[in-house]
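All remarks here apply to the structure that follows.
Every heavy atom of this structure was used, including side-chain atoms; hydrogens, water molecules and symmetry mates were not. Numbers for residues simply follow the sequence, beginning at 1. Indexing begins at 1, ligand by ligand and atom by atom, following the structure's order.
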Amino acid sequence: MPQRILEPGQIETAGQRATPRVRLPARDRVFARRAARLRERAMGHPLADYLRLLATVCDAQQRALVGFSASPPSAAQIARAREHAMPPLLASGGPREPHWHDVVHDIAGLLGAADGMPAAVGDLAARLRSAPAAWLEQQADALLAARAGAIDVAAAPIVMAALQVYFVASTAAFTAADVPLLDVRTVCPLCGSAPVASIVAAQGPHAGQRFLHCALCATEWHRVRVQCTHCGAGGKDIAYRTLARRDAVDDIAVADAEAVRAETCDACHAYRKILYEERDTAVEPVADDLASLALDLLLAQDGYHRASGNPLLWQGTGG
Ligand SMILES: [Zn+2]
Ligand SMILES: [Zn+2]
């Protein structure tokens, strides 16, 4: 008799064909797209200067990423990660190759040379252009482990931006099929970091599917909709919030025109933003999260806390 029962690996493969469970970052445009979105959202925005400053940081990231290579993990490391369902590029696991320090210096150089920057940004850029290696490593360890007391708050967005370049470059070693399936679905399957927001795709094989977007390496992984991305609760505990109104259903067609909403959970009182490509094909998780900080203020007033922070804005909430 032929074997009729599918092994778990075969089920996973069949499922992938229907709904790809991972979307790896497009390294030729990941930061350029973020920069463009920040500039678009800056128009008429109360925090326009701040969003444009961060767009300059993203320009520098894209420039640094071109030609930046990180040594790939060995086949044995990838196999071990799959076997143990562990993220193969575990962010808090170190050590890192030291050439990510050059990215800090490059971003600081570009910021220092940009027109119209506030004096404080110029001072920060000067300080980071000559930041010593040991200090950068200590800051990276503190940021990736979210040890708030050890973090230089002013420098954190730039250090994190350089680490993003390093980790996006590291994902180049992977195909979607190499990415392990983790038991814990609330962290990135490649680097173990928390997601910054989620995005509901509008096109292609992903249409209608929701993906969580890694704050560090920009990998996206599938997550069912109407489920808390922090504690896993679903159903009646989940609601959707914009600046204007609160909805009980995850259906943009019946909501207002907002492409960015907050998905709140009454089981754990956490929330993350959820972005709808169907409303605006240019939505980008890091950029739209920053451009919707007014929504965070509203949710804080209502007693909800962010499930995790934005990588370009150190808020002390950690990941
Ligand atoms: Zn990641
Ligand atoms: Zn929850």
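For Cys228 atom SG and Cys268 atom SG, the angle they make at the Zn ion (ligand 2) is roughly 110°, to 10 degrees. Geometry note: the Zn ion (ligand 1) is the vertex, Cys188 SG and Cys191 SG are the arms, and the angle is 110° (rounded to 10 degrees).
Here the side chains of Leu128 and Trp135 are in contact, with some heavy-atom distance below 4.5 Å. At least one side-chain heavy atom of Glu263 sits under 4.5 Å from a side-chain heavy atom of Arg210.
At a cut-off of 2.8 Å, His269 is not counted among the residues with an N, O or S atom near the Zn ion (ligand 2). Taking backbone and side-chain atoms together, Cys265 has an N/O/S atom less than 2.8 Å away from the Zn ion (ligand 2).
Between Asp288 and the choices Arg34, Lys273, Arg41, the salt bridge (Lys or Arg N to Asp or Glu O under 4.0 Å) rule is met once, by Arg41.
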Working note: Thr264 + Arg241, criterion side chain to side chain donor-acceptor pair (under 3.5 Å); need CA distance, chi angles, decisive distance, verdict. CA-CA 7 Å; Thr264 60; Arg241 189 73 195 255; over 6 Å; no
